[in-house]
Protein chains: 2
Amino acid sequence: MPAKAARAANRTNVASTKPSARSGEAVDEHGNSLRKAFYEIRELIVHGRISPGSWIVEADLARRLAMSRTPVRSALHLLQREGYVLEHTNVRKSRMVVSPLTREDAGELYSIIGHVEGLAGRGTARLPKQRRMEIAGQLKSLNRQLRAILQDKTPAAGAIFDADHNFHRLIIESGAGPRLRALHASIEPQAERYWRLYASSILNDLHLSVAEHDAIIDAVVAGDPDRVEKTLQTNWENGCARLAHVIEMYGERGSW
Amino acid sequence: MPAKAARAANRTNVASTKPSARSGEAVDEHGNSLRKAFYEIRELIVHGRISPGSWIVEADLARRLAMSRTPVRSALHLLQREGYVLEHTNVRKSRMVVSPLTREDAGELYSIIGHVEGLAGRGTARLPKQRRMEIAGQLKSLNRQLRAILQDKTPAAGAIFDADHNFHRLIIESGAGPRLRALHASIEPQAERYWRLYASSILNDLHLSVAEHDAIIDAVVAGDPDRVEKTLQTNWENGCARLAHVIEMYGERGSW
DNA sequence: AGTATATATCTTGTGGACAATAATGTATAC
DNA sequence: GTATACATTATTGTCCACAAGATATATACT
């Protein structure tokens with residue numbers, strides 16, 4: 001009776017092979033699996049290591065992340081709620097797939113981000129003048145960086161992304177409250193998915209975005225909430241248009 | 001495939017003695033616990049049955065909802081990410097509390113909702129004329145309802161809330177894509193928390209909101225995205241101001 | 001009494017067992 | 001050869017046991 005034996009063994013807690021942390025090792029500490037699962041899976045999706053539209057199996061991910069299904073499962077639910085993953089709508093049994101990348105979705109996503117950042121930008125614009133100048137200085141520096149990278153004959157997509165990302169992040173950090181910040185943090189990486197996939201094709205148009213950044217900086221200096229909001233929205237809107245063009249050319253991913 | 005072997009061995013399973021569903025009973029079906037937990041807990045929080053700032057214990061909730069801790073736990077994580085619940089930031093051990101209601105949070109929340117709805121409103125404003133007129137008709141009807149209720153000498157807070165809610169929901173449904181809709185669905189109930197708590201004190205000022213609705217309707221009829229967005233934002237902004245006043249008077253809940 | 005330490009208790013975090021359901025494959029009847 | 005019933009496998013959903021951390025309580029010592 002293997003089953004009974006196994007069960008009994010279980011209960012008496014022979015405990016076998018304790019995973020207890022050894023002396024010096026930087027072992028995964030207890031209590032971080034869910035976080036880890038969330039960020040790692042998100043990373044996998046954002047970086048396209050799991051392709052859009054593909055089929056997710058909890059057990060596979062669990063094995064890959066060297067943990068049990070429990071935290072993986074929770075992480076997937078979080079990711080679902082945030083839009084990284086879709087639930088293939090069978091009643092009472094959720095089949096999860098990586099959200100596909102489509103032109104339509106990109107449009108909605110970008111406009112949401114534009115508005116969220118626009119709202120944050122209003123906050124930034126209302127800061128005291130001194131603080132605003134300080135921020136404008138940093139923004140200028142970041143934009144200079146961006147320009148410099150773009151002038152390279154072989155610009156590294158990663159570096160460009162980081163600079164652009166930092167530019168926008170600075171605005172969020174300085175002008176948004178906790179809620180808005182969380183919202184941005186949950187949505188923004190989804191734009192990165194599109195960026196990464198089509199980056200190479202967008203690079204040529206990127207000087208346009210840099211120019212738009214200048215307009216944003218001017219508006220921050222002026223301390224004009226409406227203008228900051230507007231210029232930010234425009235930046236995302238145009239970014240979306242540039243992206244849409246590329247998607248049109250190369251096709252969507254994972255939607256079939 | 002070692003997994004397979006293990007599974008096969010497992011399968012001896014004598015077990016039974018099962019809580020299997022009886023013939024006719026409307027037994028809770030397998031596969032809906034998480035959903036149920038999420039909505040029920042959210043409901044408890046929104047309705048104030050668990051007071052703001054109070055201390056959540058997974059096991060208690062699990063007992064209350066007649067299920068195990070697992071789905072409750074997942075639901076709490078979702079609610080945390082959406083802002084209904086806060087993690088008392090001890091590293092690697094999350095103590096969860098119901099988010100307190102504060103003036104500051106209300107401000108941020110309302111402005112986010114205003115902008116989200118504003119964006120949806122832009123979508124509504126861009127619909128073909130015929131559809132817009134149809135929607136405007138329904139909006140007018142809802143606003144008439146609202147006016148009627150307000151004229152009662154003993155207006156029922158619930159009815160008012162529902163009418164107002166439907167008004168805004170119609171705009172979302174008609175003008176927002178799936179992402180924006182989901183976003184709204186996750187944020188909006190949090191405004192309801194404030195509403196429910198301070199409802200009685202706001203009732204007097206509510207005719208102002210009704211007037212603002214008229215401006216929204218006009219803008220929809222005109223098909224002017226900027227104006228629809230603006231009027232919606234104004235509606236929420238003013239709502240927030242009215243609320244802030246009351247919070248100032250009666251104090252915050254759960255922040256100490 | 002007051003403080004510090006040990007102990008008990010409560011709560012959360014994770015893994016894994018099992019149950020339920022969907023998908024797939026196989027055999028059988030016709 | 002096809003279609004239907006049946007068996008098998010793959011995968012998700014829930015529960016429970018136990019471990020790790022906190023918090024509260026009791027005890028010892030000065």
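Quick note on labels: first sequence line is chain A, next is B, and so on, each numbered from 1. Note that these values count all heavy atoms, side chains included, but never hydrogens, waters or copies made by symmetry.
Look at CG on B:Leu65: it is 15 Å from C1' on D:dC15, rounded to the nearest Å. For A:Leu61 and D:dT12, the CG to C1' distance is 14 Å, given to the nearest whole Å. Rounded to whole Å, the distance from CD on B:Glu58 to C1' on D:dA22 is 14 Å. Atom P of nucleotide C:dT12 and atom NE2 of B:His88 are separated by 13 Å, given to the nearest angstrom. The distance from atom CH2 of B:Trp55 to atom P of D:dA24 is 9 Å, rounded to the nearest whole Å. If you measure from atom CG of B:Asp60 to atom P of C:dC10, you get 12 Å, rounded to the nearest angstrom. C:dT12 atom P lies 17 Å from atom CG of A:Asn32, rounded to whole Å. In this structure, CD of B:Glu87 is placed 11 Å from C1' of C:dT12, rounded to the nearest angstrom.
The salt bridge (charged side-chain N to carboxylate O under 4.0 Å, His left out) test with A:Glu58 singles out one residue from A:Arg63, A:Arg69, A:Arg64, and that residue is A:Arg69.
The shortest distance between the side-chain N/O atoms of B:Ser33 and the OP1/OP2 oxygens of D:dT14 is below 4.0 Å.
Remark: B:Arg103 CZ is loosely packed, at most 12 non-hydrogen atoms of other residues, nucleotides or ligands lying under 6.0 Å away.
Counting only distance, with no hydrogens or angles, the side chain of A:Ser54 and the backbone of A:Ile50 share no donor-acceptor pair below 3.5 Å.
Ring centroid separation for the pair A:Trp195 and A:His165 does not come in under the 6.0 Å cut-off.
DNA chain D lies under 4.0 Å from at least one heavy atom of each of the following residues of residues 69-76 of chain B: B:Thr70, B:Pro71.
Residues meeting the salt bridge (Lys or Arg N to Asp or Glu O under 4.0 Å) test with A:Glu117, sequence neighbours left out: none.
Out of C:dT12, D:dT12, C:dT14, the shortest distance to the side chain of A:Ser68 is found at C:dT14.
Residue A:Arg42 comes nearest to A:Ala185 through the heavy atom pair NH1-O, 3.5 Å, listed as atom of the first residue, atom of the second, then distance.
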